[in-house]
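The structure appears right after this line, and notes come after that.
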Amino acid sequence: MAKGLDVGTSFIVLASEGSKGKVLYKDFRDAFYVLKPTTPIAAKMIEKGLAGKTFVKDTDGSFILLGSDAIEKAVERNDSAKRPMYSGVVSSKEKDARRILTYILKEVAGTPSEAGEKLVFCVPAQPIDQEDDDFDVGYHEDVIVKLLAEVGYDARAINEAEALCYSELDKDDYTGVCLSWGAGMVNVCVMLNGEPVVKFSTTKSGDWVDRMSAVATGETDSIVQAEKESGEFTVGQPNDNQVLAAVAAYYERLIDYTTKQLAAAMDGHKSLPKFKGDLPVVVAGGTSKAKGFVDMFASKLKDNGFPLPVKEVRHAADPLHAVARGCLIAAQVM
């Protein structure tokens, strides 16, 4: 048996082997929210009220809600849920990030079916728009490996966009460009016949849209996120809802920023081969699911001078699960 794990800023997604070659997925929100009872009676009432929800009772008597239950409780209290991940790696902003991530990884990955079961998880690439000292992929990778080893897995890391290539470029001779638009970052990989030749990331994605929209409207990040995921909007188009209007506008700004970064990074890159034909460009991730996203991205890619020949820009068949599936494919090969 083997498993693939997409350790994302907003979602943790597990891909595992089912019967007859079917891939099974388990999604879990990468979020937590702490409830601190003020009295013993309040503690009993809160615990009863949390029946059926995913939570951990802490040593100090507080309750740590995990996943979508955490976001729902935060919105209910006009507050924002927290995350153990920030911009693609274990958060340095949350003192309990590592402990919380342990709870979540155990909840999602479960126990191995056998000792030393292979599990491949994804890590981001080094960003091109941020100083190296502010971003440590190596430490993040070490933390995840250790946490999964404690559960009993033989865990290995793979680049996030590289995993996406394995999932989506099988009919293209594993040659093309893949972009994983997560909550914290956009990860990019250029692949030639199964060999990743260029890998990098940029630091603005879905969370940036939420943050800027929250600032513009005076709402919390969690409320903006909830509005974005439940409402109807089209990237770059006006909207009667104030929050969704801001979201649509900042989506366009995000895509414009990212395509300019792509063009600058690719132009004259020494590792780029001379491709014989035009390349498929595949986008995936929760941020890419917005209506009008793919069309806007294709347009901005052209407007901002992307230097590689493009055959088509297409969405991954399953945008939320594609990276986890690529990790599973890598684990099966290993």
Side-chain angles (χ1 to χ4, degrees), residues 5-13 30 83-94 97-98 101 121-145 157-165 176-191 196-212 221 250-272 281-288 293 297 300-301 304-308 316 319 322-324 326-327:
L5 192 66
D6 178 0
V7 185
T9 305
S10 183
F11 275 98
I12 307 285
V13 181
D30 195 7
R83 292 174 177 167
M85 297 273 290
Y86 179 76
S87 291
V89 295
V90 177
S91 177
S92 61
K93 299 176 181 292
E94 295 294 340
R98 182 167 173 168
L101 190 58
F121 65 95
C122 66
V123 294
Q126 201 68 29
I128 57 172
D129 56 350
Q130 185 172 319
E131 292 297 325
D132 292 356
D133 290 344
D134 297 327
F135 191 91
D136 189 357
V137 175
Y139 171 74
H140 169 72
E141 180 179 331
D142 291 344
V143 168
I144 304 300
V145 167
I158 188 175
N159 174 264
E160 181 176 328
E162 182 182 344
L164 181 58
C165 288
V177 183
C178 285
L179 297 95
S180 176
W181 297 72
M185 310 181 77
V186 179
N187 273 272
V188 184
C189 179
V190 182
M191 184 169 278
V197 292
V198 176
K199 295 181 287 186
F200 61 86
S201 67
T202 58
T203 57
K204 292 180 181 178
S205 196
D207 281 350
W208 180 82
V209 171
D210 294 351
R211 180 86 288 271
M212 298 307 295
D221 291 16
Y250 278 110
Y251 250 105
E252 183 173 4
R253 286 178 175 269
L254 169 66
I255 294 171
D256 185 63
Y257 170 83
T258 305
T259 50
K260 285 176 178 175
Q261 291 289 326
L262 287 176
M266 298 284 193
D267 191 23
H269 199 295
K270 294 181 180 179
S271 297
L272 283 174
V281 178
V282 184
V283 297
T287 299
S288 74
F293 181 95
F297 176 71
K300 292 289 187 181
L301 206 61
N304 290 327
F306 186 65
L308 299 182
V323 170
C327 290

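Numbers for residues simply follow the sequence, beginning at 1.
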* To do: Answer yes if the side chains of S180 and E160 hold a donor-acceptor pair under 3.5 Å, and no otherwise.
  => yes

* **Exercise: identify the closest heavy-atom pair between E141 and F121** => O-CZ, 3.8 Å

* Structure fact -> N187 and P124 have their tightest heavy-atom pair at OD1-CA, 3.3 Å

* Asked: Roughly how far apart are L301 CG and D256 CG, rounded to 0.5 Å?
  -> 11.5 Å

* **Between CG on residue D129 and NZ on residue K260, distance to nearest 0.5 Å** => 14.0 Å

* So how far is it from T202 OG1 to Q261 CD, rounded to the nearest 0.5 Å? -> 6.5 Å

* Just do the side chain to side chain contact (heavy atoms under 4.5 Å, CB included) check on C327 and I158 with the steps written out, would you? => CA-CA 7 Å; C327 290; I158 188 175; 3.9 Å; yes

* Name all residues meeting the ring-ring contact (aromatic ring centres under 6.0 Å, His included) criterion together with Y250; count only those two or more places apart in sequence or in a different chain, and write none if there are none. => W208

* **Residue pair C122 / D6: nearest heavy atoms and the distance that separates them** => SG-OD1, 3.1 Å

* Decide yes or no on side chain to side chain contact (heavy atoms under 4.5 Å, CB included) for R211 and D221, but give the supporting numbers first. => CA-CA 6 Å; R211 180 86 288 271; D221 291 16; 2.7 Å; yes

* Structure fact -> Smallest heavy-atom separation, L272 atom then M266 atom, equals CD1-O, 3.3 Å

* To do: Identify, with sequence neighbours excluded, every residue that meets ring-ring contact (aromatic ring centres under 6.0 Å, His included) alongside F293.
  => W181

* Taking all non-hydrogen atoms of both residues, which atom of A322 and which atom of A284 are closest, and how far apart? -> CB-CB, 4.4 Å

* Asked: Any side-chain heavy-atom pair from V198 and V177 closer than 4.5 angstrom?
  -> no

* Do V7 and D30 have side chains that get closer than 4.5 Å, going by heavy atoms? -> no

* When rounded to the nearest 0.5 angstrom, what is the spacing between CG in L262 and CG in D267? -> 12.0 Å

* Could you please spell out the steps behind the side chain to side chain contact (heavy atoms under 4.5 Å, CB included) verdict for S205 and M185? => CA-CA 5 Å; S205 196; M185 310 181 77; 5.5 Å; no

* Which atom of Y251 lies closest to which atom of T287, heavy atoms considered -> OH-O, 2.8 Å

* Structure fact -> Taken to the nearest 0.5 Å, the spacing of N304 CG from I255 CD1 works out to 11.0 Å

